[in-house]
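When reading the values below, keep in mind they use all heavy atoms of this one structure, side chains included, and skip hydrogens, waters and symmetry mates.
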Amino acid sequence: CAWGKVKSRLSVEKKEFALRYFYWAAASLALIVGSYFVFQSTVTSQAFSETAVVNANEKVKEITLPDGSSVWLNANSQISYSEDEPRNIKLKGEAYFKVAHDAERPFVVESNGMTAKVLGTEFNLKNTKEGVRLAVIDGTVEASALEKVLMLQKNQQVDVVMKDNVIRRSDITDMNFLSWKTGMMTFSNQPLDKVLKQVQDHYHADITLDNEALKACKLSVTLKNLSLQESLNVIATLLNGSVEQKGGSYVVLAEPCEN
């Protein structure tokens, strides 16, 4: 009958509609899932490609940043930066920066609560036990810490002591703090105890005197690109003395000086 034919036709169309809807829903779901994985892959790829991390293990490491700036990383130090913004640096440890000039893009270094901002200059930034020290070798640096902003000129430095909420600016009077980079220490009529303290810090060694009276001895000497043993031999020769190694420590032996 006519109604039977109509009913049969409606049933077929209903099945075809349901089948088309099923295919459409499956295709949509596949598109959504595929887009999600593509998005995740892109985000993951960007996360890995945008951040560059450079470590210096037991030796000083020199690198050139994408903007042409040079960085010397002290041993056991690290910098990280975005590959899209290589002039925004995060520092752990100590580093010397020679910044390529760019008037439109400031060079910014963040380290242990301090931010150093420059256009093109040279400076050393070091994390200390108390906080951080910034020393300007050339040019001008804007230093921000503890909600204060200081403009530092060539041969000026600033020390930040976080626990005491103190920030101090002073003139640089001793360039031996750069011995880790230059390999050179120069002393002019300096007490022996001060000389040995800097030698200890430079070589990370334990050095003692066999006679406390030796601390008052004055020395004038330049130590350049020498090993620890060679440096101690030079000092001992100036004192008409000698050096003994006991385990991992070194002892300087000599007669007290006549100052």
Practice item. Answer whether the closest heavy-atom distance between the side chains of Lys218 and Pro191 falls below 4.5 Å. Key: yes

Point to revise | Heavy-atom check, side chain of Val60 versus side chain of Asn74, under 4.5 Å | key: yes

Review point. Going from CD on Glu122 to CH2 on Trp72, what distance comes out if it is rounded to the nearest 0.5 angstrom?
Key: 7.0 Å

**Study point:** Any donor-acceptor N/O pair, Arg133 side chain to Asn124 backbone, under 3.5 Å
**Key:** no

Review point. Could you go step by step and tell me if Leu152 and Arg169 meet the side chain to side chain contact (heavy atoms under 4.5 Å, CB included) rule?
Key: CA-CA 8 Å; Leu152 300 177; Arg169 175 167 43 189; 3.3 Å; yes

Exercise for review: Show your reasoning for whether side chain to side chain contact (heavy atoms under 4.5 Å, CB included) applies to Asn240 and Glu255.
Suggested key: CA-CA 8 Å; Asn240 294 317; Glu255 294 297 323; over 6 Å; no

Review point. Does Ser77 reach the main-chain N or O of Ala56 with its side chain, forming a donor-acceptor pair under 3.5 Å?
Key: no

Check your understanding: Is there a side-chain contact between Val109 and Val118, using heavy atoms and a 4.5 Å cut-off?
Key -> no

Review point. Shared ILVMFWY cluster between Val221 and Leu228, side chains joined below 4.5 angstrom?
Key: yes

Practice item. Please check if the side chain of Gln200 supplies one atom and the backbone of Ile207 the other of a donor-acceptor pair under 3.5 Å. Key: yes

Review point. Within the side chain of Gln190, is there an N or O that forms a donor-acceptor pair under 3.5 Å with the backbone of Ser188?
Key: yes

Check your understanding: In Å, rounded to the nearest 0.5 Å, how long is the span from NZ of Lys59 to CG of Asn76?
Key -> 13.0 Å

Practice item. Would you check if there is a donor-acceptor pair between the side chains of Asn127 and Ser111 at a distance under 3.5 Å? Key: yes

Exercise for review: Could you tell me the separation between the OG atom of Ser242 and the CG atom of Asp210, rounded to the nearest 0.5 Å?
Suggested key: 8.0 Å

Point to revise | Donor-acceptor contact present, side-chain Ser144 to main-chain Val149, <3.5 Å | key: no

Point to revise | Over all atoms of both residues, closest heavy-atom pair of Ala100 and Arg87 | key: O-NH1, 2.9 Å

Review point. Between atom OG1 of Thr237 and atom CG of Leu232, what is the distance when rounded to the nearest 0.5 Å?
Key: 10.5 Å

Practice item. Identify whether Val54 and Phe107 are in the same connected component of the hydrophobic contact network (ILVMFWY, side-chain heavy atoms under 4.5 Å). Key: yes

Review point. Can you find a pair of side-chain heavy atoms, one from Glu244 and one from Leu253, that are under 4.5 Å apart?
Key: yes

Check your understanding: Sub-3.5 Å donor-acceptor pair from the side chain of Glu85 to the main-chain atoms of Ser82, do we have one?
Key -> no

Point to revise | Heavy-atom pair with the smallest gap, counting every atom of Leu134 and Ala116 | key: CD2-CB, 4.3 Å

Review point. Charged N to carboxylate O under 4.0 angstrom, Lys197 versus Asp201?
Key: yes

Exercise for review: Quickly, which of Asp174, Leu192, Asn176, Ile235 forms a side-chain contact (heavy atoms from CB on, under 4.5 Å) with Phe187? Name it, please.
Suggested key: Asn176

Revision key, fill the gap. When rounded to the nearest 0.5 Å, the distance separating CG of Asp206 from NZ of Lys246 is 11.5 Å

Check your understanding: Would Val71 and Glu62 count as a side chain to side chain contact (heavy atoms under 4.5 Å, CB included) if you check the C-alpha gap in whole Å, the side-chain angles of each, and the deciding distance to 0.1 Å?
Key -> CA-CA 6 Å; Val71 182; Glu62 180 182 357; over 6 Å; no

Check your understanding: Does the side chain of Ser249 reach to within under 4.5 Å of the side chain of Thr208, using non-hydrogen atoms?
Key -> no

Check your understanding: Does any N or O in the side chain of Asn55 come within less than 3.5 Å of the main-chain N or O of Asn57, such that one atom is a donor and the other an acceptor?
Key -> no

Study note, to complete from the structure: Correct closest heavy-atom pair for Ser179 and His202 would be OG-ND1, 2.9 Å

Review point. Would you say the side-chain atoms of Thr182 pair up with the backbone N or O of Leu178, donor to acceptor, closer than 3.5 Å?
Key: yes

Review point. Are any non-hydrogen side-chain atoms of Val136 and Gln153 less than 4.5 angstrom apart?
Key: no

Check your understanding: Cluster question for you: counting only ILVMFWY and a side-chain heavy-atom cut-off of under 4.5 Å, with indirect links fine, are Tyr203 and Phe177 together?
Key -> no

Review point. Should Leu65 and Ile89 count as side-chain neighbours, where that means a heavy-atom distance under 4.5 Å?
Key: yes

**Study point:** Intermediate values then yes/no, side chain to side chain contact (heavy atoms under 4.5 Å, CB included), Leu119 and His101
**Key:** CA-CA 5 Å; Leu119 297 179; His101 185 80; 4.1 Å; yes

Point to revise | Test item: Ser220 side-chain N/O and Asn189 main-chain N/O as donor-acceptor pair under 3.5 Å | key: yes

Point to revise | Other residues, nucleotides, ligands: >12 heavy atoms within 6.0 Å of Lys98 NZ | key: no

Review point. Can you find a side-chain donor-acceptor pair between Gln157 and Ser170 that sits under 3.5 Å?
Key: yes

**Study point:** Smallest separation among heavy atoms of Ser69 and Val99, with atom names
**Key:** OG-CA, 3.5 Å

Review point. Counting only heavy atoms not in Gln229, do more than 12 sit closer than 6.0 Å to its CD atom?
Key: yes

Check your understanding: When rounded to the nearest 0.5 angstrom, what is the spacing between NZ in Lys92 and CG in Leu73?
Key -> 12.5 Å

Check your understanding: Quick check: are there more than 12 heavy atoms from other residues, nucleotides or ligands sitting under 6.0 Å from CZ of Arg168?
Key -> no

**Study point:** Test item: Glu130 side-chain N/O and Val132 main-chain N/O as donor-acceptor pair under 3.5 Å
**Key:** no

Practice item. Name the orientation class of the two ring planes belonging to Phe123 and Phe97 (parallel below 30°, tilted from 30 to 60°, perpendicular beyond 60°). Key: parallel

Practice item. Following the transitive rule for hydrophobic clusters with a side-chain heavy-atom cut-off under 4.5 Å over Ile, Leu, Val, Met, Phe, Trp and Tyr, establish whether Leu219 and Leu223 coincide in one cluster. Key: yes

Review point. Out of curiosity, does Val252 fall in the hydrophobic cluster containing Leu226 (side-chain heavy atoms, cut-off under 4.5 Å, transitive links)?
Key: yes

Review point. So do Leu146 and Met162 actually touch side chain to side chain, heavy atoms under 4.5 Å?
Key: yes

